[in-house]
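Just so it is clear, the structure is predicted and the values come from calculations on it, not from any experiment.
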Amino acid sequence: MSNPSRIIVVDRTTELAERFREVLDQLDGPAEVFPCLRVSDVVEMVEDDPTPTVVVAGPAIVTRSGLARLEMLHDNCTNLVIVLAFTRRPSAAMRDIVRAGAVDMLQLPTDDSMIVASMNRAVALAERNALAAMTTEPAMASEPAARPRGTVVTLASATGGCGKTFLATNLGYLLSRIPGHRVCIVDLDLQFGEVSTALHLRPKYTICDALAREQESGDLKDCIEDYVVRHESGVAVLAAPRDPSEADRIEPPDVTKVLLAARENFDTVIVDTPPYLSEVVLAAFDQSTSLYAVATLDLPSVRNMGVFLSTLERLKIPADNVRLILNKAERDVGIDVDQVKKLFPQGFSSVLPYAKEVSKSINLGLPVVAAAPASEISRRIVQGFRELTGGDDHAAAVAAAGSGWRRFLHRPNPAVS
């Protein structure tokens, strides 16, 4: 084929991609190497592009959860040819490797000849797949265009009580004020999730019910909206399990499936996480466009924030996607904001004061930006999320929308009635 074939190398760093670039001139035909840090980004790179494509999954991807993401990639983009490159043979079952669509495996480190032989075979197969796709009957012109996939915003911390759920619900409300913008909060605090409680919702279903449906019919993206509960603002919530013991039933591949399904149905998916790192949380990070790390103004939380960020660096989570929020800032508590800022040179997207409006809004089951849109903390929340909501002008729209909630504030509280 006239155009160069494409080799997409997916790993946490670009080192493996550079290794493959070194042998390009030894391949049988023209090819280009493109580094990619997440499996979820590959779909956007190859969608509606007939270029013959080989995906090389690096060591950071060849894990149980990574193979599950590759399986979904293979199901959605059947023309791709997938090669696994690993330093230690994956502990997954052979059926998981087959389901991921792998046609070859490379044990690293290896010499040039092994890489060249593997890529020549994979590229030849990719070219045949691309040629076969071109000769199939094209889709009808009347078919509607697929809606763009939504983005994923994850809130995380290494300490409990930092306000992740509070921020998730307020961000959800802010985004719901954008006309036509569909928002879903996924509660991944699987043992003690509080999103539903914070919004005074009584969910009929939870994430466990949604996954059970997926196991039965395999069409979670077509039915996930049946399992959410909606707040009066329009924000959808996929609730955490009712029983903490059910958390053990949910594994990293399940999280990937849920978030991919949610992205197909919502413009923004907000993920609320537990106050620790686990494989389940890391699966959410892999899908996330933005990650907000939250700490409070006390030494244990600040220290844990530093450890948390160091861990993200070791895991090769792109730093450009990480934003910091300092919550519950007070005066005369033995540590001040300026001291904390010196410890984190990347800066904070928002420093939120300790405010009595927060407790009142939580008791009302409302985000504070709805219950008290003119307050100082609401103004700072709006500014802190301006990258996601469209700028500071959104504050005026939120204040105007907040006035429509005055009647709601005086209604009986269904959660305590």
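Note that CZ of Arg263 is 8.0 Å distant from OG1 of Thr151, once rounded to the nearest 0.5 Å. Taken from CD1 in Ile381 to OG1 in Thr389, the straight-line distance is 11.5 Å, to the nearest 0.5 Å. Between the CD atom of Glu194 and the CD1 atom of Ile362 there is a distance of 9.0 Å, given to the nearest 0.5 Å. To the nearest 0.5 angstrom, Leu125 atom CG is 4.5 Å from Asn129 atom CG. To the nearest 0.5 Å, the span separating OG on Ser310 from CZ on Phe308 amounts to 11.0 Å. Of the inter-residue distances, the one linking Asp104 atom CG with Arg121 atom CZ reads 4.5 Å to the nearest 0.5 angstrom.
In terms of heavy atoms, Leu364 sits closest to His200 at C-CE1, 3.5 Å. Ala239 and Asp187 make their closest contact through C-CB, 4.2 Å (heavy atoms, listed as atom of the first residue, atom of the second, distance). Residues Ser361 and Val358 approach most closely at OG-O, 2.8 Å, considering heavy atoms. The minimum heavy-atom distance between Ala283 and Thr256, with the atom names listed, is CB-OG1, 4.1 Å. Scanning all heavy atoms of the two residues, the minimum distance from Pro241 to Leu190 falls at CD-O, 3.3 Å. Between Leu388 and Leu175, the shortest heavy-atom contact is O-CD2, 3.5 Å.
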- Could you give me the CA-CA distance, side-chain angles and deciding distance for Asp189 and Thr273, then say whether side-chain contact (heavy atoms from CB on, under 4.5 Å) is met? CA-CA 5 Å; Asp189 191 346; Thr273 62; over 6 Å; no
- Determine, step by step, whether Val186 and Ile224 satisfy the side-chain contact (heavy atoms from CB on, under 4.5 Å) criterion, reporting the C-alpha distance in whole Å, the side-chain angles of both residues, the deciding distance to 0.1 Å, and the verdict. CA-CA 11 Å; Val186 176; Ile224 192 169; over 6 Å; no
- Could you give me the CA-CA distance, side-chain angles and deciding distance for Leu326 and Leu352, then say whether side-chain contact (heavy atoms from CB on, under 4.5 Å) is met? CA-CA 6 Å; Leu326 186 63; Leu352 305 178; over 6 Å; no
- Item | Asp267/Arg149 under salt bridge (Lys or Arg N to Asp or Glu O under 4.0 Å): CA gap, chis, key distance, verdict | CA-CA 7 Å; Asp267 299 296; Arg149 290 180 179 85; over 6 Å; no
- With salt bridge (Lys or Arg N to Asp or Glu O under 4.0 Å) as the test, would you mind laying out the steps for Lys257 and Glu251 before giving the verdict? CA-CA 10 Å; Lys257 292 174 183 177; Glu251 298 187 346; over 6 Å; no
- Task: Kindly indicate, with the supporting measurements, whether the criterion side-chain contact (heavy atoms from CB on, under 4.5 Å) is fulfilled by Arg323 and Ser290.
- Result: CA-CA 8 Å; Arg323 302 288 182 271; Ser290 301; 5.9 Å; no
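Figure legend: Arg182 and Phe266 shown as a cation-pi pair, the cationic atom lying under 6.0 angstrom from the six-membered ring centre and within 45 degrees of its axis. Annotation: cation-pi pair Arg177/Tyr173 present, NZ/CZ under 6.0 Å from the ring centroid and within 45° of its normal.
Pro353 has its side chain within reach of Arg380: a pair of non-hydrogen atoms, C-beta onward, lies under 4.5 Å apart. With contacts defined as side-chain heavy-atom distances shorter than 4.5 Å, the pair Ile82/His74 qualifies. Here the side chains of Leu309 and Phe344 are in contact, with some heavy-atom distance below 4.5 Å. Using a 4.5 Å cut-off on side-chain heavy atoms (C-beta onward), Val9 and Cys36 make no contact. The shortest side-chain heavy-atom distance between Thr87 and Pro59 falls under the 4.5 Å cut-off. Considering only heavy atoms from C-beta on, Leu37 stays 4.5 Å or farther from Val10 through its side chain. Taking 4.5 Å as the limit, every side-chain heavy atom of His231 sits out of range of all side-chain heavy atoms of Val237. With contacts defined as side-chain heavy-atom distances shorter than 4.5 Å, the pair Val55/Phe34 does not qualify.
The backbone N or O of Thr51 sits less than 3.5 Å from a side-chain atom of Thr53, completing a donor-acceptor pair. The closest donor-acceptor contact from the side chain of Arg21 to the backbone of Val33 lies under 3.5 Å. Proximity of a side-chain donor or acceptor of Gln339 to a complementary backbone N or O of Asp336 within less than 3.5 Å is detected. A distance-only check finds a donor-acceptor pair linking the side chain of Asp209 to the backbone of Thr206 [under 3.5 Å]. The main-chain N or O of Leu27 is never found under 3.5 Å from a side-chain atom of Asn120 such that the two would form a donor-acceptor pair. Not one N or O on the side chain of Ser118 forms a donor-acceptor pair closer than 3.5 Å with the backbone of Met114. Put simply, the side chain of Thr14 never gets that close to the backbone of Ala17: no donor and acceptor are under 3.5 Å apart. Between the side chain of Thr169 and the backbone N or O of Phe166 there is at least one donor-acceptor pair closer than 3.5 Å. Between the Lys204 side chain and the Tyr227 main chain, no donor and acceptor come within less than 3.5 Å of each other. At least one donor-acceptor pair under 3.5 Å links the side chain of Ser349 to the backbone N or O of Leu324.
For the 3.5 Å distance criterion, the side chains of Asp243 and Ser245 qualify, holding a donor opposite an acceptor. Looking only at atom types and distance, the side chain of Thr268 has a donor-acceptor partner in the side chain of His181 under 3.5 Å away. Looking at Thr296 and Asn327, their side chains never bring a donor and an acceptor atom within 3.5 Å of each other. Side-chain polar atoms of Thr165 and Asp272 form a donor-acceptor pair below 3.5 angstrom. No hydrogens or angles considered: nothing links the side chains of Ser350 and Gln383 as a donor-acceptor pair under 3.5 Å.
The number of heavy atoms from other shown groups lying within 6.0 Å of CD (Glu18) is above 12. Taking a 6.0 Å sphere around CD of Glu313, one finds it holds 12 or fewer heavy atoms contributed by other residues, nucleotides or ligands. Within a 6.0 Å sphere centred on CZ of Arg242, heavy atoms belonging to other residues, nucleotides or ligands number more than 12. The environment of CZ in Phe86 is crowded: more than 12 heavy-atom neighbours from other residues, nucleotides or ligands sit within 6.0 Å. Heavy-atom neighbours of Glu246 CD from other residues, nucleotides or ligands within 6.0 Å: above the threshold of 12.
No option in Asp286, Val271, Thr154, Leu238 other than Val271 meets the side-chain contact (heavy atoms from CB on, under 4.5 Å) test with Leu259.
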